[in-house]
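Working notes for the structure below.
Residue numbers start from 1 in every chain, and the chains themselves are labelled A, B, ... in the order their sequence lines are given, proteins ahead of strands.
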Amino acid sequence: MLRIAVYSCFFLSFAMAVTTFALKEKVDMTKKELMRTQRQIVETQQTLHILQAEWAHLNQPAYLQGIVKNHLSLNRTKGQQMQRWADARSQKPATVAALETATTGLVANRN
Amino acid sequence: MPQPPPRPPYAAQDVLKRARQRLAFVRFGVAMLFTVVLVQLWRLPFEHEGKASSKRVAQRGEVNFAPARANILDRNGQLLATNLVTYSLHADPAQVLDVDEAVRKLTRTLPGLNAKTLRDRLEDPSRRFVWIQRNLTPQQFDAVNRLGLPGFDCKREERRVYPLGRTAAHILGYTDVDTRGVAGIEKGLDAAVRKQREPLYLSVDVRLQHILADELQQRVERFNALGGAGLVFDIQSGEILAMVSLPDFDPNRPDLASNDAKFNRASLGVYEMGSTFKVMNSAIAFDTGVANPDTLVDAINPIKVGRFTIDDYKGKNRMMSVTEVFQHSSNLGSARMAMAFGGEVQQQYLRAFGLLSRQPLEIPEVGEPMLPHPWREVSTMTVSFGHGISVNAVQLTAAVGAAAGNGRLIPPTLLRRERPAESVAVVKPEVALQMRKLLYATVEEGSGTHAAVSGYFIGGKTGSAEKLSDGGYKEKKLLSSFIGVFPVYAPRYAVLAILDEPKGIKETYGYATGGWTAAPVVGGVIERMAPLLGIEPKERTDPEVIAVLGVPKIKEQVGVAGR
């Protein structure tokens, strides 16, 4: 009985030593992976940060205004160009109105 | 037949039994110990990868890029200021083997370096650390690394960057090379920007900021003015949506900017604002009951006080109603109204309007008003039309906003307000309503017609103050201004434009007054910002407009309000 207990202890000790070693290795590897991932996250965040700054720089209103002026034939929006949605619907171009009527008819037929 | 072994005596049996019991106890103890160790070994990897651990890591900030200063954004989230990682080159002179080679190679790679200064630094035996160049660009960093010079190293640092360049430069301010706030919000809120991780939202709207700067710049160039200042102010919330001072500067390179460019004319500069002060003067007269819009005032005879004579610029030389006094900007009429309510009442009201003391703002560049000492009778008269008292543009705009809004002064701010600020009642709401009519009349038929915009109802007041120079007022050196309120039937925004010493041109018949030079700036700003903010144009016959401005006159019915 005593012998069995002693062997068991030896076996357990050995098993634990192996497990501890394996765990230590695993923890080390996990830690390295974690650190690598963290570093990647920070690098990505830094890159995003730079991209945000670059995007803001490219969106400078004065810069965009210059581009629009030189390359597009756009004019400033006038107040008179604004309309309420209800008014816009009642004043829609004839083609849009005809299309809507046709669509409504199709939907009605399908039902 | 062998004999069985003799049975041990009773005492020996007892000892053996107890030994077995102890052995069993020890075995149990060892087994428990092993179990505990095994359980711990089993738990360890799981706990390390578990949620609790991740949370702790996040709390330590290990997985977050945390710049030394928080980002600054406009009210809509547009990035205005941020920190970027850079590298700075430094050296240990004791470890530099060949100074000649180092100086030659470095000055070739970094052209901004001065060879003599660099040599002096590297040959200084008393120092073990010298900066060579701060904030290298990525290309420079790579090039310096390729040189492989011994004794040199690069330190990771952060640099404050303003991606929008000059836009809102005077509001943002700038930092020094160690990213410490030196001016503007960067200095005023330095501690908060350093401490907080979350971005700081300003009240400024970059789109309006650009529109204001663009319109103002055009007029500064057109009228060859020394500079200009402007503001877009939310009357209801007290938020400053745009604040411009021209000339301006690039906060990324403040070292290249002149002191004049860095000077904030909108908040630090205090000026005699001229006739825009008549807004407050009329509001006081109405609130105290000494006059109403139809009260007739003598605008014929000049007022003589000691060696001073108060007269009108292009006077009408007749009795005028208070509305006409305001419309045609009569100094005589305003002075007489001020004399009616007196200097003491005038000071009480102006104090309530926030014009007699320094009004705090989130930036340190805030000018303190210059007041008459002592406040004599003649001061009361001159202050009524904006002379003899100097205030900054932010104060003036907030005061006009109060007079034309709902009669309550809201402290201005450069930060986005999440909840309404506490306001102070200055004049009665009915007075504010009367003021709106006066302001509208000025743009419709008075000195501010150049501010009118088709489809939008603007109220406003011109100001043309002669600048004090060499002990006297110079007729040719004007501070021309215009303050507009819109939509005047339900005021939401106040827009101010100031031009410093504009010169008259052929198209303005040589005039450089506020009505000719600054009013078009305000009109231009409103014309561009109104569609952007979704403010719909209205007809003069619209019930909401009639409710405030009254039934339109025949000529107003012909078309919508406009130039």
Contact class of B:Ile535 relative to chain A, heavy atoms under 4.5 angstrom: backbone
Chain B: which of A:Thr37, A:Thr44, A:Thr77 shares the most heavy-atom pairs with it under 4.5 Å? A:Thr77
Under a 4.5 Å cut-off applied to non-hydrogen side-chain atoms, are A:His49 and B:Asn71 in contact? yes
Heavy-atom distance under 4.5 Å to chain B: side chain of A:Ser13, backbone, both or neither? both
Heaviest contributor of heavy-atom pairs below 4.5 Å to chain A, chosen from B:Val37, B:Leu532, B:Ile211, B:Asn83, is B:Asn83
Residue part contacting chain B, namely of A:Gln65, when any heavy atom lies under 4.5 Å: side chain
Out of curiosity, A:Leu64 CG to B:Arg207 CZ, how far, rounded to the nearest 0.5 Å? 13.0 Å
For B:Glu536, is it the side chain, the backbone, both, or neither that has a heavy atom closer than 4.5 Å to a heavy atom of chain A? both
Shortest non-hydrogen contact from B:Leu164 to A:Ala56? CD2-O, 3.0 Å
Closest-packed option against chain A by number of heavy-atom pairs under 4.5 Å, given B:Thr167, B:Asp214, B:Leu80, B:Val206: B:Asp214
Would one find more than 12 heavy atoms of other residues, nucleotides or ligands at under 6.0 Å from atom CD of A:Glu25? yes
Please flag which part of B:Val161 lies under 4.5 Å from any non-hydrogen atom of chain A: side chain, backbone, both or neither. neither
Check this for me: B:Arg22, atom CZ, are more than 12 non-hydrogen atoms of other residues, nucleotides or ligands nearer than 6.0 Å? no
Just verifying a value: how many Å separate A:Glu54 CD and B:Leu84 CG, rounded to the nearest 0.5 Å? 8.5 Å
